[in-house]
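Have a look at the structure below, then the notes.
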Amino acid sequence: MAAVFDPWDPAFLADPYPAYAELRARGRVHWFEPTNQWLVPHHADVSALLRDRRLGRTYQHRFTHEEFGRSAPPPEHEPFHTLNDHGMLDLEPPDHTRIRRLVSKAFTPRTVERLKPYVRGLADELAAALVEAGGGDLLKDVAEPLPVAVIAEMLGIPESDRAPLRPWSADICGMYELNPSEETAAKAVRASVEFSDYLRELIAARRKEPGEDLVSGLIAAHDEGDRLTEQEMISTCVLLLNAGHEATVNATVNGWYALFRNPSQLELLRADHSLIPSAIEELMRYDTPLQLFERWVLDEIEIAGTTIPRGAEIAMLFGSANHDPTVFADPSALDLTRADNPHISFSAGIHYCIGAPLARIELTASMGALLEKAPTLRLAAEPERKPNFVIRGLEGLSVEVG
């Protein structure tokens, strides 16, 4: 498989989709020795496995490391794992259910709808500043500031404290790549400690002076009987910030880069802004921000005659599933009018992205603002792709306004 699937090869990272096609042609499940994972490339299998309760994001609710045939993480990585393992993305019921129920109160359709004017206003400001400057880096000038500001506002993080949020997030998310290096782990540990210390202080301040923010809401829920430990509060806030902007940032730059490389589709969108909703879904399918999602096998399963034992790890290839020709007609073509688009970029099952409605509002607002205020926006220089596989993005996206 290493000859086909090489997530450390720059050529593969530049365009992994032809390799995915070969993986799908070769079968439904493949053992990948370099990461000791089973790769699953087909849409139907990925979709089914995301809902299969024989798999889990963690195994520690049922087994010790020894019972599961795994080694405990190195002690020096403990701050990262403490932070990561108490967030709902890496928990299973009943803890996952309890925390998600509390957090979902902040993401009700009514709550998200109320954020629309704030999100659109901020998107307009950022797009106007980009136009005033004659262009810039779409990543740093629009894609990053918008979702970071929105989730920070929801959490009640003051503007003066927001500068380290994106660097902390980037360092923590480095651990989600395949076989992260010790340097990556050290950065993640440091960011985990610093971010946790900051949130501990913020929680203490909100206990004394509650506000209308999510942190205050989690404290109030705890005091009213919905038990949430301080570590769970901290881990939840970090998860919401990381998950609340990483996908949106990368969907924005991946999407605009795809539009610049498909000028006929960009012209179609410029001529008809009512295509924005379907364009966002198609762009998330076409160049998927999260390429891979991992699950542990808690109870033996079988895929296409291959038995996968308890203790194994499955890597579901979202990017491949989103290009499966049995589901998407002409998947390698960007089609902003695609009507039937069951992409799985937001996952599925109990771990379906709780912030998906908010992400769609942010993407709609930024795309609408750029189309209206910068109708001649164009690529100024070919971008450099980040050397990451799991979280797919660009180092920057230099643009100019004619």
Side-chain angles (χ1 to χ4, degrees), residues 1-7 9 11-32 35 37-52 54-55 178 247 250-251 254-255 257-259 261-262 265 277-295 297 301-306 308 312-353 356 359-360 363 388-393:
M1 279 303 103
V4 178
F5 180 82
D6 186 352
D9 177 12
F12 175 90
L13 294 177
D15 184 8
Y17 299 104
Y20 290 154
E22 189 166 345
L23 277 182
R24 292 191 302 270
R26 290 189 180 199
R28 288 171 52 193
V29 62
H30 309 281
W31 174 248
F32 187 57
T35 59
Q37 293 174 318
W38 292 93
L39 306 178
V40 178
H42 288 264
H43 187 283
D45 291 324
V46 170
S47 184
L49 291 171
L50 286 170
R51 296 168 171 86
D52 194 322
R54 292 173 297 175
L55 307 182
L178 300 176
N250 293 313
N254 290 348
Y257 184 43
L259 288 170
R261 288 179 290 130
N262 290 270
Q265 290 294 298
S278 64
I280 287 167
E281 303 305 317
E282 174 67 351
L283 290 166
M284 291 198 72
R285 179 204 71 82
Y286 182 76
D287 202 6
T288 310
L290 181 66
Q291 291 280 310
L292 177 151
F293 197 62
E294 297 166 335
R295 289 282 176 89
V297 179
I301 64 171
E302 184 180 301
I303 301 175
T306 298
I308 303 180
E313 190 174 30
I314 286 181
M316 291 171 279
L317 299 175
F318 282 13
S320 176
N322 283 342
H323 279 245
D324 190 332
T326 65
V327 178
F328 304 97
D330 197 6
S332 61
L334 181 67
D335 179 6
L336 302 187
T337 66
R338 192 182 295 273
D340 186 19
N341 197 342
H343 69 77
I344 51 173
S345 299
F346 288 120
S347 191
I350 68 167
H351 290 292
Y352 179 78
C353 177
R360 287 184 167 107
L363 291 166
N388 302 338
F389 165 63
V390 175
I391 299 175
R392 181 169 172 79

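Using a 30° and 60° split on the angle between ring planes, Tyr17 and Tyr20 fall in the perpendicular class, above 60°.
Looking at Leu23, Leu39, Ile314, Ile308 one by one, the single match for side chain to side chain contact (heavy atoms under 4.5 Å, CB included) with Val29 turns out to be Ile308.
The two atoms that bring Ala329 and Arg338 nearest to each other are O-NH1, 2.8 Å, heavy atoms only. Closest heavy-atom contact between Val4 and Ala19: O-CB, 3.3 Å. The shortest heavy-atom contact between His30 and Gly27 is NE2-O, 3.2 Å. For the pair Pro289 and Asn250, the tightest heavy-atom approach, listed with the atom from each and the gap, is CB-CB, 4.1 Å. The two atoms that bring Leu292 and Val390 nearest to each other are O-CG1, 3.6 Å, heavy atoms only. Scanning both residues, Ser347 and Phe293, for their nearest heavy atoms gives OG-CE2, 4.1 Å.
Side-chain contact between Pro18 and Glu22 is absent, with no heavy-atom pair separated by less than 4.5 Å. Side chains of Thr326 and Arg24 form no contact here, defined as non-hydrogen atoms less than 4.5 Å apart. A 4.5 Å side-chain heavy-atom check between Arg295 and Leu50 finds at least one atom pair inside the cut-off. Side chains of Asn388 and Leu13 form no contact here, defined as non-hydrogen atoms less than 4.5 Å apart. In this structure the side chain of Leu49 reaches within 4.5 angstrom of the side chain of Ile303, judged on heavy atoms. Side-chain contact between Arg392 and Asp287 is present, with heavy atoms from C-beta onward closer than 4.5 Å. Looking only at side-chain heavy atoms (C-beta outward), Phe5 and Pro16 stay at 4.5 Å or farther from each other. No side-chain heavy atom of Val40 sits less than 4.5 Å from a side-chain heavy atom of Leu317.
Of the possible donor and acceptor atoms, none in the side chain of Thr35 sits under 3.5 Å from a partner among the backbone N and O of Leu178. Panel note: side chain Gln291, backbone Phe389; no donor-acceptor pair is recorded below 3.5 Å. With Asp52 contributing its side chain and Ala48 its backbone, the two residues share no donor-acceptor pair below 3.5 Å. With hydrogens and angles ignored, the 3.5 Å screen pairs a side-chain donor or acceptor of Asn322 with a backbone N or O of Ile344. With hydrogens and angles ignored, the 3.5 Å screen pairs no side-chain donor or acceptor of His43 with any backbone N or O of Pro325.
Residue Asp45 holds its CG atom at 10.5 Å from OG of Ser320, rounded to the nearest 0.5 Å. With values rounded to the nearest 0.5 angstrom, Glu281 atom CD is found 6.5 Å from Phe346 atom CZ. A distance of 13.5 Å separates CD1 in Ile391 from OG1 in Thr288, rounded to the nearest 0.5 Å. Interatomic distance, CG of Leu363 versus CD1 of Ile280, reported as 5.0 Å (0.5 Å rounding).
Because its NZ or CZ atom is both nearer than 6.0 Å to the ring centre of Phe328 and within 45° of the ring axis, Arg285 counts as a cation-pi partner of that residue.
Tyr286 and Asp335 form no side-chain donor-acceptor contact under 3.5 Å, judged by distance and modelled atom types alone. Defined by atom type and a distance below 3.5 Å, a donor-acceptor pair is missing between the side-chain atoms of Asn341 and Ser278.
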